Enquirer: 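Okay, here's the structure, questions in a sec.
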Protein chains: 2
Amino acid sequence: MARRNQHSREELQDLAVAAVLEIAERDGVHAVSARSVARQIGYAPGMLYHLFENRDDLILHANARTLDTLAAAMDKAAAKKTPEKALLAMALAYLQLAQQESPRWRLLFEHVMAEGAEVPAWYQAHSERLFALLEQQLQLLAPTRAPSARQLAARAIWSGVHGVCLLAVTGKLDVVSSVREKALVESLVTHYLAGWLAA
Amino acid sequence: MARRNQHSREELQDLAVAAVLEIAERDGVHAVSARSVARQIGYAPGMLYHLFENRDDLILHANARTLDTLAAAMDKAAAKKTPEKALLAMALAYLQLAQQESPRWRLLFEHVMAEGAEVPAWYQAHSERLFALLEQQLQLLAPTRAPSARQLAARAIWSGVHGVCLLAVTGKLDVVSSVREKALVESLVTHYLAGWLAA
DNA sequence: TCTTGTTATTAAACGGTGTTCAGATAATGA
DNA sequence: TCATTATCTGAACACCGTTTAATAACAAGA
């Protein structure tokens, strides 16, 4: 069978991306392969290579959707709060999402570009949106500071929170069960901010 | 050919681990495979499965060596310093090592256990040594605080520093080139500590 | 309506991966 | 010297990402 023309190119891309996320959630990250995704959307594996450049491209499209979900959750979490509380709420929103939809986030955390391949600009734009949300609150919190200082603080906070979420989701943190991940994020954000503001 | 008995089991394990690290450094992380490692040490791929349980086991042994190198560097960096300076020095030692031997660290950062497999206890012991080094300094810095508070702080700091190193090595941080990684680590550690001590 | 051209789709293959295992070979102990 | 034991290999299995020639269905024109 060939040329059925049931879906537009864009529809097929959406179907494939949705299939990636669904398979990851249902069968685990390891189960996401060109063949499994193709089977799920009812096409041959080769079809995926007319829709995406390669596997990286497909996974990045799925991960971009995950990042957008997070950006929306952070926006919501920050609404009508003081900058300090907003920053903490955004960090906790990250942790919560990463924990409750961990397969999606493992897909994001554990994805590695093929040898020599660079992360494309369009994807970086998605992740930069997150930094922008932080910088926005830091702007309100410390309007007189240099923009470069705020950029640095935003990246320091986010790298730190990212580290906690990553270790939490990939299960490398449960060394001491008494230390809860939420407490880690709270400690990291509040103490860093306190120190940063006092400096 | 079979049964040449040139090396003991332990020697062969060491050879294999060394081969993993050498191939990663020379040809890149992607080039590390059962076949390439076996070829490098002059044996058949199947041999590796008499020396290690599986690929994860082999990689973990290599990564444990990387962790031990870091622990030694941290020990050296912390010597004869005040606790605060020691903590910063240890974090910077991490960053420096991760940056200058990035293939080894990509091997560590990007390694993912097979589906359903847990990180074995003997490996966790290696990474716990790092936390212990931090807690040791925090003990000197804030001897009156509860041990659980120090455990939490050690993990918060380390998760944060880990986040920076990871993003730096895997190249996901160069969004704003003006922000240097070293400045991020310094900011993270000093401001967190300042806030933590003031609390 | 018939034909031609275009486009979506697939089957099959290629070279790679981790892993298993029966069998071959050399060292060892009796 | 012979039987046993431990070491090591070759070949296979099932999977992976990816490419490509061939095919079938649609669209357009005559």
Side-chain angles (χ1 to χ4, degrees), chain A residues 1-17 19-20 23-24 27-63 106-107 110-118 120, chain B residues 1-17 19-20 23-24 27-63 106-107 110-118 120:
Chain A
M1 107 182 80
R3 180 83 209 227
R4 18 184 158 138
N5 246 21
Q6 295 171 323
H7 305 283
S8 72
R9 217 182 119 83
E10 287 73 23
E11 281 173 339
L12 282 175
Q13 286 171 334
D14 267 14
L15 279 174
V17 166
V20 166
I23 292 170
D27 306 323
V29 184
H30 76 289
V32 177
S33 68
R35 284 168 178 83
S36 73
V37 171
R39 194 182 327 119
Q40 166 125 349
I41 65 175
Y43 283 79
M47 186 60 190
L48 292 174
Y49 290 83
H50 296 286
L51 302 173
F52 301 92
E53 219 179 294
N54 48 35
R55 191 200 133 100
D56 279 347
D57 193 29
L58 169 59
I59 301 294
L60 284 181
H61 274 86
N63 287 345
R106 282 192 55 186
L107 203 64
E110 294 171 358
H111 175 247
V112 179
M113 282 283 177
E115 188 70 7
E118 300 273 321
Chain B
M1 103 183 86
R3 179 85 213 229
R4 20 186 157 135
N5 244 21
Q6 295 170 321
H7 304 283
S8 72
R9 215 181 120 84
E10 286 73 23
E11 280 174 341
L12 282 175
Q13 285 171 334
D14 267 14
L15 280 174
V17 166
V20 166
I23 292 170
D27 307 323
V29 184
H30 75 288
V32 177
S33 68
R35 283 168 179 82
S36 72
V37 171
R39 192 181 329 118
Q40 166 125 351
I41 65 173
Y43 283 78
M47 186 59 189
L48 292 174
Y49 291 83
H50 295 288
L51 303 173
F52 301 93
E53 219 179 295
N54 49 34
R55 191 199 133 100
D56 279 347
D57 192 28
L58 168 59
I59 301 294
L60 285 182
H61 274 86
N63 288 344
R106 282 193 55 188
L107 204 65
E110 294 171 359
H111 175 247
V112 179
M113 282 283 175
E115 188 70 8
E118 301 273 320

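In this text, all values refer to a predicted model and were calculated from it rather than measured experimentally. First the proteins, then the strands, lettered A, B, ... as listed; each starts at 1.
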Enquirer: Are there any protein N/O atoms within less than 3.5 Å of an N/O atom in nucleotides 28-30 of chain C, and if so, which ones and at what distance?
Expert:
none

Enquirer: Rounded at 0.5 Å granularity, tell me how far CG in B:L60 sits from NE2 in B:H111.
Expert: 5.0 Å

Enquirer: Can you tell me which nucleotide in D:dT9, C:dT19, C:dT9 comes closest to the side chain of B:R4?
Expert: D:dT9

Enquirer: Take atom NE2 of A:H50 and atom C1' of D:dT23, then tell me their distance rounded to the nearest Å.
Expert: 13 Å

Enquirer: Mind checking side chain to side chain donor-acceptor pair (under 3.5 Å) for B:R55 and listing every partner two or more places apart, or none if nothing turns up?
Expert: none

Enquirer: Quick one: list whatever passes side-chain contact (heavy atoms from CB on, under 4.5 Å) with A:L15, sequence neighbours left out.
Expert: A:H7, A:L12, A:I41

Enquirer: Not counting sequence neighbours, which residues clear side-chain contact (heavy atoms from CB on, under 4.5 Å) with A:Q13? List them please.
Expert: A:R9, A:E10, A:L51, A:F52

Enquirer: Taking only the side-chain nitrogens and oxygens of A:Y49, find out if one of them lies under 4.0 Å from OP1 or OP2 of D:dT19.
Expert: no

Enquirer: Could you check how far CG of A:L51 sits from P of D:dT19, rounded to whole Å?
Expert: 14 Å

Enquirer: Between D:dT9, D:dC8, D:dG17, which one does the side chain of B:L12 approach most closely?
Expert: D:dC8

Enquirer: Say you draw a straight line from CE of A:M113 to CD1 of A:I59; how long is it, rounded to the nearest 0.5 Å?
Expert: 10.0 Å

Enquirer: Looking only at non-hydrogen atoms, find the nearest pair between B:L107 and B:A24 and report the distance.
Expert: CD2-CB, 4.4 Å

Enquirer: Taking CZ from B:F52 and P from C:dT20, how many angstroms apart are they, rounded to a whole number?
Expert: 15 Å

Enquirer: Starting the side chain at C-beta, find the nucleotide from C:dA8, D:dT9, C:dG18 nearest to A:M47.
Expert: C:dA8

Enquirer: In dot-bracket form, how is DNA chain C paired, counting a Watson-Crick or G-U wobble pair only if both its distances are under 3.5 Å and using | for bases paired to another strand?
Expert: ||||||||||||||||||||||||||||||

Enquirer: Under a 4.0 Å heavy-atom cut-off, which of residues 29-39 of chain A touch DNA chain D?
Expert: A:S33, A:A34, A:R35

Enquirer: Show the nearest heavy-atom pair for residues B:V20 and B:A62, with the distance to one decimal.
Expert: CG1-CB, 3.8 Å

Enquirer: Table please: side-chain donor-acceptor pairs of residues 29-36 of chain A below 3.5 Å, with sequence neighbours left out.
Expert:
| unit_1 | atom_1 | unit_2 | atom_2 | d |
| --- | --- | --- | --- | --- |
| A:H30 | ND1 | B:E115 | OE1 | 3.0 |
| A:H30 | ND1 | B:E115 | OE2 | 3.4 |
| A:S33 | OG | A:S36 | N | 3.1 |
| A:S33 | OG | A:S36 | OG | 3.4 |
| A:S36 | OG | A:A31 | O | 2.8 |
| A:S36 | OG | A:S33 | N | 3.0 |
| A:S36 | OG | A:S33 | O | 3.1 |

Enquirer: Quick one: closest heavy-atom pair of B:A16 and B:L48, and the distance?
Expert: CB-CD2, 4.0 Å

Enquirer: Using the test side chain to side chain donor-acceptor pair (under 3.5 Å), find all partners of B:N63 that sit at least two apart in sequence or belong to another chain.
Expert: none

Enquirer: Could you check how far NE2 of B:H7 sits from P of D:dC8, rounded to whole Å?
Expert: 9 Å

Enquirer: Tell me: CD of B:E115 to P of D:dC16, nearest whole Å?
Expert: 13 Å

Enquirer: Rounded to whole Å, please give me the gap between CG in A:D27 and P in D:dC16.
Expert: 12 Å

Enquirer: Near DNA chain D, which residues from residues 53-62 of chain A have a heavy atom under 4.0 Å away?
Expert: A:N54, A:R55

Enquirer: If the condition is side chain to side chain donor-acceptor pair (under 3.5 Å), which residues does B:E11 pass it with, not counting sequence neighbours?
Expert: none

Enquirer: Send over the distance from B:L48 CG to C:dT17 C1', rounded to a whole Å.
Expert: 13 Å

Enquirer: The criterion is side chain to side chain donor-acceptor pair (under 3.5 Å); which residues satisfy it with A:D57, sequence neighbours excluded?
Expert: A:H61

Enquirer: Applying side-chain hydrogen bond (donor to acceptor under 3.5 Å, both in side chains), which residue pairs with at least one partner in residues 37-48 of chain A are found, sequence neighbours left out?
Expert: A:E22-A:Q40, A:R26-A:Q40

